[in-house]
There are 2 protein chains.
Amino acid sequence: MAGSCFAEVLSDLVELTGAEQAALEKLEERQRTVRRGAVLQRENEKCGELYVLRKGLMMSYVLLDDGSRQILRFLFPGDMLGVSSMIYREAPETLAALSDCIVSPFDRSALSDLMTRHPRLSAMVLVYCQVERVSLTDRLAALGRTSAKARVAALLLDLRDRLRTTDKSVEDAFQLGLTQEEVGDATGLTAVHVNRMLRQLEEEGLIARDSGRVTLRDERALARAANYVNRFEGLDLSWLPRPA
Amino acid sequence: MAGSCFAEVLSDLVELTGAEQAALEKLEERQRTVRRGAVLQRENEKCGELYVLRKGLMMSYVLLDDGSRQILRFLFPGDMLGVSSMIYREAPETLAALSDCIVSPFDRSALSDLMTRHPRLSAMVLVYCQVERVSLTDRLAALGRTSAKARVAALLLDLRDRLRTTDKSVEDAFQLGLTQEEVGDATGLTAVHVNRMLRQLEEEGLIARDSGRVTLRDERALARAANYVNRFEGLDLSWLPRPA
DNA sequence: CGGCCCCTTGACTAAAATCAACGAAAGTGG
DNA sequence: CCACTTTCGTTGATTTTAGTCAAGGGGCCG
């Protein structure tokens with residue numbers, strides 16, 4: 001199996017040259033499986049490698065002193081994992097697999113080399129990180145200023161959009177590969193309250209549920225309730241340097 | 001007035017070459033003043049330039065549909081503003097001045113050029129953005145999983161640390177250049193509740209207040225209450241490429 | 001079959017928001 | 001320089017939102 005998952009994400013943004021594709025494929029030469037529930041990197045432990053997620057669903061989270069968990073981000077195929085760990089001696093967050101996964105590990109220096117040799121890819125890595133950053137600020141605003149229901153709605157919309165980038169067959173229904181506790185840890189709620197919010201969304205006809213499968217029945221109303229924006233849209237990359 | 005504020009931030013991390021310093025100074029050739037309360041960039045409007053903040057205190061925020069505001073970040077001298085706006089047609093956040101400020105505006109293409117010509121600076125811009133990203137995730141965890149008191153304590157510690165990087169004379173006391181409403185919009189609380197939390201911190205002897213000036217009286221206890229980490233510490237940049 | 005994990009629901013509690021009022025301080029305009 | 005307005009901080013009373021505690025049910029796995 002060849003091809004670079006990260007390159008696929010980037011090639012939605014610009015047309016890559018052969019040399020650029022080759023450089024990205026080199027990052028994903030190696031492969032490794034990660035079992036559901038396994039931890040790839042643990043918070044406060046020495047930083048290891050970086051990864052590209054090739055297959056499966058992962059998450060990054062932090063644990064607070066009182067034992068509570070905040071899920072920072074869900075990770076989908078094509079996502080680059082552990083970029084922030086690259087810059088620290090100790091990892092600022094834990095990376096764990098929510099399903100059986102395949103990742104491609106690579107070294108800090110590999111990314112450093114790539115950035116030196118391919119200035120345009122370097123800029124695109126920055127773009128990718130900024131998209132992530134803006135998504136984080138969306139979630140920050142959601143946690144700070146929106147209701148429990150809005151946060152759950154936003155999470156559902158976001159999950160659907162992210163799943164669709166990999167699997168075009170996803171339309172308005174998808175398997176929610178998360179427990180309600182995980183949804184709670186992502187939205188800053190308790191599992192009990194997540195349950196109530198899902199029920200409420202269901203009663204209002206905004207979603208339907210059937211054994212872990214969620215259907216978005218009224219996307220317009222959900223998006224309105226959630227203040228949701230897909231941050232992979234509306235990009236302007238006209239300023240990118242010419243390919244080397 | 002010469003010298004690059006952003007270069008000063010970076011030179012705390014590695015020793016810059018003359019060429020690198022010159023390149024960074026070029027970004028800050030121009031200067032512009034911004035009045036207290038003025039807006040440099042407005043959410044959803046066409047993205048303009050990027051900036052380096054040279055002097056003063058600014059903030060970035062978003063407004064939600066119901067009119068509530070979430071402050072995403074406070075900006076200090078040496079910070080680069082609007083990097084995320086660079087990649088979008090429309091700005092994802094508003095940039096506003098909390099005090100009279102001086103900024104150096106520059107063009108997307110100027111940063112793009114710099115990244116092409118100076119691979120190591122390119123990597124350092126990425127590092128800078130990742131520090132910002134990790135700080136955002138700290139705040140995300142604070143909003144999602146910590147009490148009102150802890151959030152206010154964390155904000156005070158963070159402000160102090162950021163002020164100290166510019167002004168070494170700041171020890172445990174500083175002018176809180178924010179209204180309680182602004183503190184609330186940053187921490188996801190109401191101004192009224194912020195007031196009560198400040199009072200409580202004061203009553204417990206963790207801080208003292210006098211006409212807008214805050215003194216941290218028990219930093220240890222504050223940091224414990226707040227789960228606070230200074231993200232400019234603990235970096236490992238040994239992987240950075242050689243300077244060009 | 002039994003145990004565990006996850007979902008569900010009700011009753012109750014705690015945390016933070018809301019509403020309202022007032023005083024002090026800081027600008028503003030004559 | 002003074003009257004006026006506005007902003008900001010403070011406080012109490014009350015309401016709303018979400019958390020906590022507890023119990024039971026369904027499905028899956030060993």
Side-chain angles (χ1 to χ4, degrees), chain A residues 35-37 64 66-71 96 98-100 141-156 175-204 207-214 225, chain B residues 35-38 64 66-71 96-100 142-156 175-204 207-214 225-226:
Chain A
R35 284 273 158 62
R36 177 163 173 279
L64 305 195
D66 65 355
S68 63
R69 173 174 72 170
Q70 177 66 49
I71 295 179
L98 287 161
S99 69
D100 290 344
L143 293 206
R145 288 297 185 216
T146 74
S147 68
K149 188 157 53 150
R151 292 184 226 171
V152 173
L155 181 115
L156 294 178
Q175 198 65 34
L176 181 70
L178 307 173
T179 66
Q180 295 182 355
E181 187 177 357
E182 284 156 352
V183 174
D185 286 345
T187 52
L189 302 168
T190 57
V192 173
H193 205 57
V194 168
N195 184 291
R196 291 196 249 259
M197 293 303 105
L198 286 171
R199 175 151 312 280
Q200 212 171 310
L201 289 171
E202 195 172 25
E203 277 167 10
E204 292 168 6
I207 65 170
R209 292 185 302 157
D210 180 44
S211 57
R213 197 169 173 77
V214 174
Chain B
R35 283 274 157 63
R36 177 163 173 278
L64 306 195
D66 65 354
S68 63
R69 173 175 73 171
Q70 177 66 49
I71 294 178
L98 286 160
S99 69
D100 289 344
L143 293 207
R145 288 295 185 220
T146 75
S147 68
K149 189 158 54 155
R151 291 183 225 169
V152 172
L155 180 115
L156 293 178
Q175 198 66 32
L176 181 70
L178 307 172
T179 65
Q180 294 181 357
E181 187 177 357
E182 283 156 353
V183 174
D185 285 345
T187 52
L189 302 169
T190 57
V192 172
H193 206 55
V194 167
N195 184 290
R196 291 196 246 260
M197 293 303 105
L198 286 170
R199 175 152 310 283
Q200 212 172 311
L201 289 171
E202 194 172 25
E203 276 166 11
E204 291 168 7
I207 64 170
R209 290 185 301 158
D210 179 46
S211 58
R213 197 171 174 76
V214 174

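Owing to the predicted nature of the structure, the values given are computational and were not obtained by experimental measurement. In what follows, chains carry the letters A, B, and so on, assigned in the order in which the sequence lines appear, proteins first and then strands, with residues in each chain numbered from 1.
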The correct set of residues in residues 186-198 of chain B placing a heavy atom under 4.0 Å from DNA chain C is B/Gly188, B/Leu189, B/Thr190, B/Val192, B/His193, B/Arg196
Nearest heavy-atom pair of [X] and [Y]: which atoms, and what distance?
X        : Y        : answer
B/Ala150 : B/Ala225 : CB-O, 3.1 Å
A/Met197 : A/Val152 : CB-CG2, 4.0 Å
B/Ile207 : B/Arg209 : CD1-CG, 4.1 Å

Relative to the 5' end of DNA chain D, which residue comes earlier, A/Thr146 or B/Arg209, by the nucleotide with the nearest heavy atom? B/Arg209
Rounded to whole angstroms, how far apart are [atom1] on [X] and [atom2] on [N]?
X        : N      : atom1 : atom2 : result
B/Glu202 : D/dT11 : CD    : C1'   : 15 Å
B/Glu203 : D/dT10 : CD    : C1'   : 12 Å
B/Glu181 : D/dT10 : CD    : C1'   : 15 Å
A/Asp210 : D/dG26 : CG    : P     : 16 Å

Compare all side-chain heavy atoms of A/Asp185 with those of B/Arg145 and state whether any distance is below 4.5 angstrom. yes
Check: B/Leu156 and B/Leu198 side chains under 4.5 Å, non-hydrogen atoms: yes
Check the pair A/Arg199 / A/Asn195 against side chain to side chain contact (heavy atoms under 4.5 Å, CB included), numbers first and verdict last. CA-CA 6 Å; A/Arg199 175 151 312 280; A/Asn195 184 291; 4.3 Å; yes
Candidate list B/Ile71, B/Thr187, B/Leu189, test side-chain contact (heavy atoms from CB on, under 4.5 Å), partner B/Leu155, passing option: B/Thr187
Note: for B/Arg36 and A/Gln180 on DNA chain C, the residue whose nearest nucleotide lies more 5' is A/Gln180
DNA chain C: 5'-most and 3'-most nucleotides touching chain A, 4.0 angstrom heavy-atom criterion: C/dC6 to C/dA11
Contact class for B/Ser147 vs. all strands (heavy atom < 4.0 Å): base, sugar-phosphate, or nothing? sugar-phosphate
Do any N or O atoms from the side chain of A/Gln70 and from the backbone of A/Ala186 form a donor-acceptor pair under 3.5 angstrom? yes
